[in-house]
Amino acid sequence: MQQKNVKAVMVKGVRDVHVENQTINWNEEQVLVRVERGGICGSDIHYYQHGKAGMSVLKSPMVLGHEFVGVVEHAPAGNALSIGQRVAINPSQPCQQCGICRSGRQNLCRSMRFMGSAQFFPHVNGGFAQYVVVNPQQCIPYAEHAEAKIMAFAEPLAVCIHALKQAGNLTGSRILVTGAGPIGCLIIAAALASGATEVIATDISQRCRDLAIKMGASAAHDPRDETVNATWEKDGGVFDVCFEASGAPAAIASVVAYTRPAGIIVQLGMGASEVNYPIGSLLAKEIQLRGSFRFIDEFTTAVKWLESGKINPLPLLSAEFSMEDAIAALEMASDKNSAAKVQLTF
């Protein structure tokens with residue numbers, strides 16, 4: 001067993017975040033990765049602002065972060081990984097033993113140990129540290145020419161590619177994306193890369209609507225624009241597929257009217273706990289409502305898409321901070337009027 005003292009971005013409670021020393025341990029079967037950079041996600045913001053993310057409540061200090069990339073410093077003997085290799089880290093650690101995992105749906109594993117998550121106790125530390133220890137299968141290598149600031153989008157892009165898979169074949173489809181935050185905007189780009197003919201976005205923020213256009217949307221509207229909404233409700237709905245990425249109750253309810261009969265709604269926004277839902281219209285139009293949660297092997301696909309330039313996420317990168325300025329980075333990332341994706345460098 002080997003040890004190393006590193007600096008890490010630790011969250012202890014509500015607005016209680018500090019860069020502190022931490023001792024990490026690893027054995028010869030594990031990989032030591034020097035972290036280059038990581039993106040701040042909504043869950044990181046929730047832990048910072050509220051001391052919890054959904055039902056995952058902090059009970060002890062935890063290292064934040066699950067969107068990160070780095071360089072291999074140690075790899076097991078005989079493994080395909082090599083020292084100096086640049087890798088994106090898949091934060092998912094399913095048990096691989098339960099019936100759900102054995103069925104190929106590892107993203108739904110009830111024992112999932114997801115990095116940077118307080119769901120279980122002890123909590124699972126994340127990747128906002130100078131070095132992290134991971135399993136070899138979590139490391140997805142990428143080409144030397146690819147920029148770390150691009151590859152750090154692998155985790156959120158994997159979420160979006162999984163959502164696209166839930167929708168099925170998108171070739172020739174007309175698509176609506178409600179919520180043009182980082183996930184919604186990556187959905188736009190990924191849908192177009194997957195054969196969609198037209199993608200339209202909605203968001204109450206003008207800044208988000210502008211980003212949606214930069215990411216490829218043919219139009220971006222304020223969801224409160226009743227004139228536009230009325231045109232989408234004609235003939236029972238005009239969109240083949242609606243991706244609901246906002247989690248806002250009004251948006252969740254509205255997409256039923258905009259989806260054509262026998263169309264598909266993919267729900268991946270997680271904000272709302274209760275919704276007044278038009279279930280009668282859903283049934284009468286035989287719309288399929290499909291949930292989408294995290295990802296499976298789409299993480300590797302996301303790495304390949306970013307590495308090849310199939311998706312360019314950089315319009316979403318609002319700012320970069322050093323790890324010592326983690327609080328300032330979290331504050332900026334919390335302000336949806338000024339930032340989409342904020343990254344930390346290590």
Side-chain angles (χ1 to χ4, degrees), residues 39-46 48-49 53 67 149-150 152-161 163-164 167 174-194 196 198-229 231-232 239 241-255 257-259 265-272 275 292 302 306 311-321 329-343:
I40 294 175
C41 176
S43 64
D44 300 316
I45 295 170
H46 284 298
Y48 171 62
Q49 290 184 329
E67 304 176 7
K149 63 183 177 181
I150 291 176
F153 280 88
E155 196 275 346
L157 180 57
V159 170
C160 298
I161 296 174
L164 265 60
R174 189 181 188 197
I175 289 172
L176 176 68
V177 177
T178 53
I183 292 294
C185 283
L186 288 171
I187 285 279
I188 293 167
L192 290 168
S194 300
E198 179 184 27
V199 182
I200 294 175
T202 65
D203 202 288
I204 60 173
S205 163
Q206 182 63 55
R207 183 191 60 79
C208 290
R209 295 197 296 271
D210 292 342
L211 280 176
I213 297 297
K214 290 181 180 179
M215 293 300 289
S218 57
H221 299 284
D222 189 318
R224 297 165 294 192
D225 188 333
E226 294 296 336
T227 301
V228 173
N229 296 345
T231 65
W232 294 345
F239 294 103
V241 182
C242 289
F243 292 95
E244 205 304 291
S246 73
I252 294 171
S254 71
V255 293
Y258 308 149
T259 306
I265 296 170
V266 179
Q267 182 65 43
L268 63 161
M270 297 183 68
V275 180
S292 184
L306 292 168
I311 298 288
N312 175 23
L314 289 185
L316 302 176
L317 182 56
S318 302
E320 304 167 52
F321 292 80
L330 286 161
E331 286 289 343
M332 183 174 185
S334 302
D335 183 2
K336 299 307 179 185
N337 292 319
S338 61
K341 182 63 69 177
V342 175
Q343 291 183 354

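Computed from a predicted model, the values in this text were never measured in an experiment.
Closest approach of Thr259 to Cys242, counting heavy atoms only: OG1-SG, 3.2 Å. Closest non-hydrogen pair, Ala217 versus Ile188, comes out as N-CG2, 3.5 Å. Listed here is the closest heavy atom pair of Pro182 and Leu316: O-CD1, 3.9 Å. For Phe321 against Ala319, the heavy-atom pair with the smallest separation is CE1-CB, 3.8 Å. When every heavy atom of Ala163 is checked against every heavy atom of Leu268, the shortest pair comes out as CB-CD1, 3.9 Å. Shown here for Ala212 and Ala180, the closest heavy-atom pair between the two residues is CB-CB, 4.0 Å.
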Step-by-step side-chain contact (heavy atoms from CB on, under 4.5 Å) determination, Ser218 to Val199: CA-CA 6 Å; Ser218 57; Val199 182; 5.8 Å; no
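The shortest distance between side-chain heavy atoms of Tyr48 and Ile40 does not fall below 4.5 Å. Looking at heavy atoms from C-beta onward, Phe243 lies out of side-chain contact with Ile265 at the 4.5 angstrom threshold. Contact annotation: the side chain of Leu186 approaches that of Pro313 to within less than 4.5 Å [non-hydrogen atoms, C-beta and beyond]. Phe153 has its side chain out of reach of Ile311: every pair of non-hydrogen atoms, C-beta onward, lies at least 4.5 Å apart. Between Val177 and Thr202 there is no side-chain heavy-atom pair separated by less than 4.5 Å. You'll find the side chain of Glu198 stays beyond 4.5 Å of the side chain of Phe239, heavy atoms only. Two residues are said to be in side-chain contact when any heavy atoms from C-beta on lie closer than 4.5 Å; Lys341 and Ser318 fail this criterion. In this structure, the side chains of Ile183 and Val159 come closer than 4.5 Å at one or more pairs of heavy atoms.
One finds the CD1 atom of Ile187 at 8.5 Å from the CD1 atom of Ile175 (value rounded to the nearest 0.5 Å). Distance CE/Met332 to CG/Asn337: 11.5 Å, rounded to 0.5 Å. For the atom pair Lys214 NZ and Leu314 CG, the distance stands at 11.5 Å (nearest 0.5 Å). In this structure, Ile150 CD1 and Asn312 CG are separated by 6.0 Å, a value rounded to the nearest 0.5 Å.
Other residues, nucleotides and ligands place no more than 12 heavy atoms under 6.0 Å from the NE2 atom of His46.
Each salt bridge (Lys or Arg N to Asp or Glu O under 4.0 Å) pair with one or both residues in residues 329-338, not counting sequence neighbours, appears once here: Arg15-Glu331. Residue pairs satisfying the side-chain hydrogen bond (donor to acceptor under 3.5 Å, both in side chains) criterion with at least one member in residues 243-253, sequence neighbours excluded, are listed as follows: Thr178-Glu244, Glu244-Ser246, Glu244-Gln267.
When each of Leu211, Asp210, Asp203 is checked for a side-chain contact (heavy atoms from CB on, under 4.5 Å) with Arg207, only Leu211 meets the rule.
Legend: residues meeting salt bridge (Lys or Arg N to Asp or Glu O under 4.0 Å) with Asp222, ordered by chain and number and at least two apart, are Arg209, Arg224.
Using a distance-only test at 3.5 Å, with no hydrogens or angles considered, a donor-acceptor pair links the side chain of Gln343 to the main chain of Lys149.
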